Amino acid sequence: MSKEITSRSEDYSQWYNDLVLKSGLADYSAVRGCMVIKPYGYAIWENMRDVLDKMFKDTGHVNAYFPIFIPKSLFEAEEKNAEGFAKECAVVTHYRLKTDPDNPGKLMVDPEAKLEEELVVRPTSEAIIWNTYKGWIQSYRDLPILVNQWANVVRWEMRTRLFLRTAEFLWQEGHTAHATKEEAITETEQMLEVYARFAEEWMALPVVKGIKTANERFAGADETYCIEALMQDGKALQAGTSHFLGQNFAKAFDVTYVNRENKPEYVWATSWGVSTRLMGALVMAHSDDDGLILPPKLAPIQVVLVPIYKGPESKPLIDSKAQEIVSALKAAGVKVKFDDSDNSRPGWKFAEYEMKGVPVRVALGLRDIEQGVAEVARRDTKEKQTMPLEGLSEKLIALLEEIQQNIYLKALQFRNDQITAVDDWAQFQQVLDEKAGFVSAHWDGTPETEEKIKELTKATIRCIPLNNTQEAGKCVYSGNPSSQRVLFARAY
RNA sequence: CGGGAGGUAGUUCAGCUCGGUAGAAUACUUGGUUUGGGACCAAGGGGUCGCAGGUUCGAAUCCUGUCCUCCCGACCA
């Protein structure tokens with residue numbers, strides 16, 4: 001059939017592309033580097049968004065929306081931030097088209113309609129937001145400001161991959177303003193914790209919480225916190241970041257407040273974000289050669305019910321029994337689909353829903369009904385079992401929870417097996433080439449060594465884990481003294 | 001942005017070397033038989049050959065340009 005997926009062992013990249021395209025998550029578009037997120041993929045993103053949005057609100061944040069266009073003069077105000085993004089900015093220079101006199105029926109950019117000041121299409125919104133915050137903040141009584149926005153951003157990437165790196169992507173960006181450094185740092189850490197909890201409890205994706213080195217830090221931040229996940233091919237993926245921005249943006253945009261002593265102070269800032277890249281992480285973390293494996297808590301369809309008809313007279317009986325099951329599951333809040341479509345047979349449906357990663361499939365035929373049972377298949381292990389119809393919905397709900405737990409534990413074990421402590425340079429390279437995953441090694445703390453290691457092995461320091469054990473050692477590359485191990489990996 | 005590969009029916013692809021007016025499988029539509037792991041029979045519809053130029057009596061095929069995708073590299077919070 002045309003739905004064949006390239007196996008992971010044959011070509012991991014192709015496997016990923018096949019999965020995304022053939023399970024109906026996304027499509028390529030007519031625009032370079034930009035994808036169409038299809039309804040099935042968008043449904044997963046909506047689930048992620050809804051959960052995160054609630055978590056943000058539970059921690060005191062509110063949503064707002066800022067413009068997609070940022071005047072160049074605002075964008076360049078915070079120099080490091082501007083420089084960091086300059087190479088990948090889309091820029092609007094004109095505001096009008098006109099018919100092309102030399103090419104009937106075609107349009108051209110109207111040279112008369114040049115903007116006085118170019119508009120940068122936001123690669124991130126710190127500039128426009130801090131320019132706005134200046135007007136919102138006068139006194140310590142105006143702080144903190146805890147705002148999040150759900151938006152699209154554009155980063156003109158040279159090489160794109162579905163979900164993992166696209167020119168346009170969807171994300172949320174939180175931007176907070178605080179009176180004190182301590183409060184801002186607490187906020188940064190709190191949001192990292194939110195991301196980690198979301199990844200582990202909802203995506204079933206174990207992550208390492210850590211701090212980025214200066215080289216890997218967000219442009220304009222004093223400190224970047226991150227959650228790092230490991231994909232099945234042993235490459236690391238940065239799944240979310242939370243930045244302590246210090247007073248950099250407050251100074252660039254002159255945002256001050258007066259404290260209780262009526263003295264002006266610069267405001268402290270944070271920003272934090274996760275994007276549709278999480279979709280890529282979700283796909284790569286759990287899925288297999290037969291298709292997606294989705295964690296039940298984020299799956300658009302948690303249970304699919306496939307009827308097995310036998311002769312036209314069986315349909316009413318099977319349908320009515322199926323409806324009972326559907327009603328019970330729906331009443332319990334389970335997202336269930338009853339696929340009674342007649343244009344494909346059961347075997348085809350089985351394969352299709354496996355491809356789409358639906359966690360649980362229930363098959364129901366005359367034989368089952370006679371015996372008062374149904375055939376239940378779980379996607380994560382491919383195991384089938386027979387369950388009594390009596391109390392079926394409770395059993396299915398328990399099974400969904402078990403699947404959620406199982407794929408997390410499986411990913412956790414894989415991740416833990418893929419952290420290798422290494423103490424000499426030859427072994428460092430060998431582990432990267434032959435085993436991949438995270439390499440835990442001593443580093444002398446200098447950007448030069450980090451750069452050199454990247455140049456030689458393509459591995460970067462993914463993070464310095466939070467609450468890292470302090471132990472004396474020697475840098476795996478330079479041999480200089482080091483006080484702790486850091487995690488290296490080749491990354492997406 | 002450099003190197004390589006590709007773009008022909010909804011999809012996967014053949015046809016291109018050697019120019020002669022478009023083909024398979026599958027999907028789709030209709031009717032029928034079916035249904036416990038990707039059903040079968042019969043009939044039917046569907047493509048400005050990525051786009052734009054050029055060569056030619058004639059271009060999917062040859063030439064030029066351009067857009068999109070994949071792989072590798074450089075780049076990337």
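What's counted below: heavy atoms across the whole structure, side chains too, no hydrogens, waters or symmetry copies. Every chain is numbered from 1, with letters handed out A, B, ... down the list of sequences. The structure displayed is predicted, hence computed values, not measured ones.
For the pair A:Asp233 CG and B:C71 P, the computed distance is 13 Å after rounding to whole Å. Rounded to whole Å, the distance from CD1 on A:Ile318 to P on B:G36 is 11 Å. Going from atom CZ of A:Arg345 over to atom P of B:G36 covers 5 Å, rounded to whole Å. Distance A:Tyr492 OH to B:C72 C1': 14 Å, rounded to the nearest Å.
Closest to the A:Lys87 side chain, of the nucleotides B:C76, B:G37, B:C1, is B:C76. If you check B:G38, B:U35, B:C76 against the side chain of A:Trp348, the one that comes closest is B:G38. When distances run from any side-chain atom of A:Arg159 to the nucleotides B:G38, B:G36, B:G73, the shortest one goes to B:G73. Comparing B:C1, B:C76, B:U35 against the side chain of A:Ile308 picks out B:U35 as the nearest. Counting only heavy atoms from C-beta on, A:Phe350 has its side chain closest to B:G37 among B:C70, B:G37, B:A74.
A:Asn343 comes within 4.0 angstrom of no nucleic acid atom, judged by non-hydrogen atoms across all strands. Within the nucleic acid shown, A:Lys458 comes within 4.0 Å of sugar-phosphate atoms alone, with no base atom in reach, counting heavy atoms only. Counting any heavy atom pair closer than 4.0 Å across all strands shown, A:Ala351 reaches a base atom.
The side chain of A:Asn17 places an N or O atom within less than 4.0 Å of a non-bridging phosphate oxygen (OP1 or OP2) of B:C71. For the OP1/OP2 pair of B:C70 and a distance below 4.0 Å, the side-chain nitrogens and oxygens of A:Tyr28 include at least one atom meeting the criterion. The side chain of A:Arg161 places no N or O atom within less than 4.0 Å of a non-bridging phosphate oxygen (OP1 or OP2) of B:C70.
Summarising the base pairing, B:U66 is matched to B:G50 through a Watson-Crick or G-U wobble pair whose two defining distances lie under 3.5 Å. Of the nucleotides present, none pairs with B:U56 by Watson-Crick or G-U wobble criteria with both distances under 3.5 Å. In this structure, B:G36 makes no Watson-Crick or G-U wobble pair, since no nucleotide meets both defining distances under 3.5 angstrom. Nucleotide B:A25 has B:U11 as its partner under the Watson-Crick or G-U criteria, with both atom distances under 3.5 Å. Pairing for B:G45 is absent, with no Watson-Crick or G-U wobble pair whose two atom distances lie under 3.5 Å. Here B:C1 sits opposite B:G73 as a Watson-Crick or G-U wobble pair (both hydrogen-bonding atom distances under 3.5 Å).
Judged by distance alone with a 3.5 Å cut-off, a donor-acceptor contact links the side chain of A:Lys384 to the base of B:G37. No hydrogens or angles were tested; on distance alone, nothing pairs the side chain of A:Glu352 with the base of B:G37 as donor and acceptor under 3.5 Å. Interface remark: the A:Arg32 side chain does not form any donor-acceptor pair with the B:C67 base, using a distance-only criterion of under 3.5 Å.
Annotation: cation-pi pair A:Arg277/A:Phe169 absent, no NZ/CZ under 6.0 Å from the ring centroid and within 45° of its normal.
A salt bridge links A:Asp288 with A:Arg379: the closest approach of a Lys/Arg side-chain nitrogen to an acidic carboxylate oxygen falls below 4.0 angstrom.
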